[in-house]
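Accompanying notes for the structure given below.
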Amino acid sequence: MKDYDLNSLNDEQKKALVETDGVVLVTAGAGSGKTRLLTHRICYLIKEKGVSPYNILAITFTNKATNEMKERISRMCDCTMWISTFHSMCVRILRENIDKIDGYTRNFTIIDEADRDKILKERLKKYELDEEECSKVAKHLENIKNKGLDIDFYFDELKKFDRNPNIKYYEKICFEYEEFLHKNNALDFDDLLNKTLFLFHNYKDILQYYSNRFHYILVDEFQDTNLVQYKLVKLLSSVHGNLFVVGDEDQCIYSWRGANFENIFNLKKDFPDLKIFKLERNYRSTKNILNLANNVIANNKERLNKNLWTNKEEGAGPVVYNAFDERDEAMFVAKTIEDLVSEGYSYSDFAILMRVNALSRNIEEGLMSFQIPYKIYGGFKFYERAEIKIILAYLSIFTNERDEISLLKIINFPRRGIGEVAVASLQKEADGQPLLAYLLSDKFEFSKYAPKLSKFVQTINQLKAEKNTLSLPEFVDAVVKRFGLLNAYAGKDDESLNKLANIDSFLSSVKEFADESEDASLDDYLAFVMLKSDSDNIQEGEVATVSTIHSVKGLEFKVVFVIGLEEGLFPLTKALYNASEMEEERRLMYVAITRAEERIFLTYTAKRYMYGKSDYRTPSRFLGELGIVDKKRTKIISNDFVEAEKQETFDSGFCIGDRVTHLRFGKGIIVNISDDGLVADINFEDFGTKSLMLNMAKLEKEKDND
């Protein structure tokens, strides 16, 4: 899409677009052009209705969607406006207003889940509870905040039916956690939403300002809103009443973090004059792929009735592969990608999707064995790496002097001889004063720890004095160098070199951020990092994508593999006896299928090694619901089914002791071959022992074996 062109919209999109006044709900199926509708509606308001961009607010759910929408609006309307995620919007509002709440300042710190869990575990230890209880407390905290409840009210209700004797400690820990964040002028992700809602409820002038400003509000992915986000939207639209939301209850896959697709139905209750439009034409996928999607999602009860259709061709039929085990599954995926690349596909056209991260290791090994470039998403994120978190902690103390969370990460890194005992003594000496303020005060000169921390304190003072005279990249670079963070990773081993490369990449990200925003501040950059998702960079570079399904929502690929389609794995075991959770698993399957444009491959194994043992597996019920495997899961009914021929013993021509050469791993020796002859363990000179499928791996015997 290059320009603003209403003729590029279909009839249903046009009907929704011109309804500019009041509350409008568009139920948009996967691939139905909702981004095109949203961007054209914004330009329609500006070009045809004379609305100022200043008076329009668009809310998305990912940074990637935000950036894409900004680029389109800039190109189509030649203007800038407020387009952001919910969390970014709230950060902006809080930076301007949070000082109205007693004890908070505008330079607050945003903490991530790892910091949250560390704080909780410290308090669990205080009450002599196991660290394993952390996930339970964290879940209670999320429930409280996602529903906008008071801690005491929540636990009073919980105690009526939950007899867990530790609940009284959970309640204390939640209160202490909140007090600790308040003391540190810090907010977690959920607080960004809740504190904004608190401001709107308790400071009517603030609500009046923003609701007066935004004459038109548009919300994407409305099915993913939680109760707090729903309330924020209602309040923001309270003056002008023009709210346009786009959502698809069939793609609600985040209920575990508070998303409530029933907000789509709540609109009907809260706004009796609600206008509803339905987008069912799909522009992404072939007919065969849409048939699968429609078949599986039709089994859900809690949904609005809609059926995706397309004018595109029938396309290739789905391929189901019943692998012998996880290694066979991985080799099938890799070999198929290699074959399709030879036909003209690019590596970036492929996505290998899984329900859980645990399946990625074998897939990685399969891709490596065929030298297929790939990147994994939905796992460990760049900004969560230890060396990066250290830099972020150093930067944070220059924006929030009360941030003891960050200070304690860096006070002994690089090592300064300040252990836990020393920290406890320093906190006692500070006598309630923020620890950093104490270290920078005259009183600290008389502490026995002053000599060990003198250079640390001196460097902080010097950089504080220079902060306003240096550009953002210059200041960050100075922090890294003057605190000796590069020297801390001065080794020549691979780990040290990787950490230095990550730091270099981090410094580049600061420069890129500053280049894109002339007035970028350190506060802005830290908020940007904390709210950045690992999935923001998916599909960048010529690599195949290996990802959880959750991480690719909103994206599309020419070829999709959905692996691990087995009962207990997809759907997960916990959903087998819970109708609501099973419907969410089915929505995940629907999302996975509708990522595919041209071809889809579905795999399951006869047996799989998991949780320390190898078990025989049962095909997922979803294969039956798709119309590929019958509902009793006893036979294949797809003409396109591909099954590896398995003999009692596969004769590869290789023997234990053979010296071989592999294109990627180089020279090695076969140290073991499985009973069925399919899998060999090969000890490579440079890569150690790898397990490869002998019917697929490209191995050559060394000549001296002949």
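Only a predicted model underlies this, so the values are computations on that prediction, with no experimental measurement involved. Starting from 1, each residue takes its place in the sequence as its number.
Summarising the geometry, atom OG belonging to S369 is positioned 10.0 Å from atom CD1 belonging to I682; distances are rounded to the nearest 0.5 Å. Note that CD of E584 is 5.0 Å distant from CZ of R587, once rounded to the nearest 0.5 Å. Atom-to-atom distance recorded for T573:OG1 and E581:CD is 11.0 Å, nearest 0.5 angstrom. How far CG of N63 is from NE2 of H87: 11.0 Å, rounded to the nearest 0.5 Å. If you take CG on N307 and NZ on K278, they are separated by 9.5 Å, rounding to the nearest 0.5 Å. Rounding to the nearest 0.5 angstrom, the gap separating the CD1 atom in I372 from the NZ atom in K335 is 10.0 Å.
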*Run the numbers on M530 and F189 for side-chain contact (heavy atoms from CB on, under 4.5 Å), then give the verdict.*
CA-CA 9 Å; M530 293 307 298; F189 294 138; 4.3 Å; yes

*Show your working on side chain to side chain donor-acceptor pair (under 3.5 Å) between N502 and E387 and close with a plain yes or no.*
CA-CA 8 Å; N502 288 335; E387 63 274 18; 2.8 Å; yes

_Between I593 and L626, is the side-chain contact (heavy atoms from CB on, under 4.5 Å) condition met? List the steps._
CA-CA 10 Å; I593 293 167; L626 289 170; 3.3 Å; yes

*Begin from the C-alpha positions of Y377 and N357 and carry the test side chain to side chain donor-acceptor pair (under 3.5 Å) through to its verdict.*
CA-CA 9 Å; Y377 298 90; N357 272 322; over 6 Å; no

_L565 vs M589, side-chain contact (heavy atoms from CB on, under 4.5 Å): CA-CA, chis, key distance, verdict_ = CA-CA 10 Å; L565 278 164; M589 187 66 196; 3.7 Å; yes

*Hey, mind stepping through F557 and F350 against ring-ring contact (aromatic ring centres under 6.0 Å, His included) and telling me if it holds?*
CA-CA 6 Å; F557 304 86; F350 298 92; 9.6 Å; no

*Kindly indicate, with the supporting measurements, whether the criterion side-chain contact (heavy atoms from CB on, under 4.5 Å) is fulfilled by I563 and V333.*
CA-CA 9 Å; I563 67 169; V333 170; 4.1 Å; yes

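Looking only at atom types and distance, the side chain of E598 has a donor-acceptor partner in the side chain of Y345 under 3.5 Å away. Neither side chain, Q251 nor E249, offers a donor N or O lying under 3.5 Å from an acceptor on the other. Defined by atom type and a distance below 3.5 Å, a donor-acceptor pair is present between the side-chain atoms of S88 and T85. Side-chain contact annotation: T66 with S84, donor-acceptor N/O pair under 3.5 Å absent. D328 and Y321 share a side-chain donor-acceptor pair at under 3.5 Å.
Closest approach of I253 to H550, counting heavy atoms only: O-NE2, 2.9 Å. Nearest heavy-atom pair across G366 and A334 is O-CB, 3.3 Å. Residues S8 and Q13 approach most closely at O-OE1, 4.5 Å, considering heavy atoms.
Judged by distance alone, with hydrogens and angles left aside, the side-chain atoms of T661 form no donor-acceptor pair with the main-chain N or O of K667 at under 3.5 Å. Remark: side-chain polar atoms of T594 are paired, donor with acceptor, to backbone N or O of Y590 under 3.5 angstrom. For the pair K312 (side chain) and R284 (backbone), a donor-acceptor distance under 3.5 Å is present. Within the 3.5 Å criterion, the main-chain N or O of N295 finds a donor-acceptor partner in the side chain of N299. A distance-only check finds a donor-acceptor pair linking the side chain of H40 to the backbone of D5 [under 3.5 Å]. Panel note: side chain E583, backbone N300; no donor-acceptor pair is recorded below 3.5 Å. Checked by atom type and distance alone, the side chain of N294 never pairs as donor or acceptor with a backbone atom of N291 at under 3.5 Å.
Paired with F570 under the rule side-chain contact (heavy atoms from CB on, under 4.5 Å), one option of L353, V356, I549, L359 passes, and it is I549. Tested against K34 for a side-chain hydrogen bond (donor to acceptor under 3.5 Å, both in side chains), the candidates T39, T27, D220 yield a single pass: D220. The side-chain hydrogen bond (donor to acceptor under 3.5 Å, both in side chains) test with T603 singles out one residue from E326, E329, E566, and that residue is E329. Of the listed residues (Y347, F332, F370), just one forms a side-chain contact (heavy atoms from CB on, under 4.5 Å) with I337, and that residue is Y347.
Taking the charged nitrogens against the carboxylate oxygens, R586 and D250 have no contact shorter than 4.0 Å, which rules out a salt bridge. Ion pairing of E585 with R355 is present here, as a side-chain N (NZ or NE/NH1/NH2) and a carboxylate O approach within less than 4.0 Å. The pair E365-R327 does not count as a salt bridge, with every side-chain nitrogen at least 4.0 angstrom from each carboxylate oxygen. A salt bridge does not link E702 with R659: every distance from a Lys NZ or Arg NE/NH1/NH2 to an Asp or Glu carboxylate oxygen is 4.0 Å or more.
The 12-atom threshold is not exceeded at NZ of K511, counting heavy atoms of other residues, nucleotides or ligands nearer than 6.0 Å. Residue E700 qualifies as open at atom CD: its count of foreign heavy atoms under 6.0 Å is 12 or below.
For the pair R621 and L576, the minimum side-chain heavy-atom distance is below 4.5 Å. For the pair Y604 and V320, the minimum side-chain heavy-atom distance is below 4.5 Å.
Cation-pi contact between K701 and F654: present, with separation from the ring centre below 6.0 Å and deviation from the ring axis of at most 45°.
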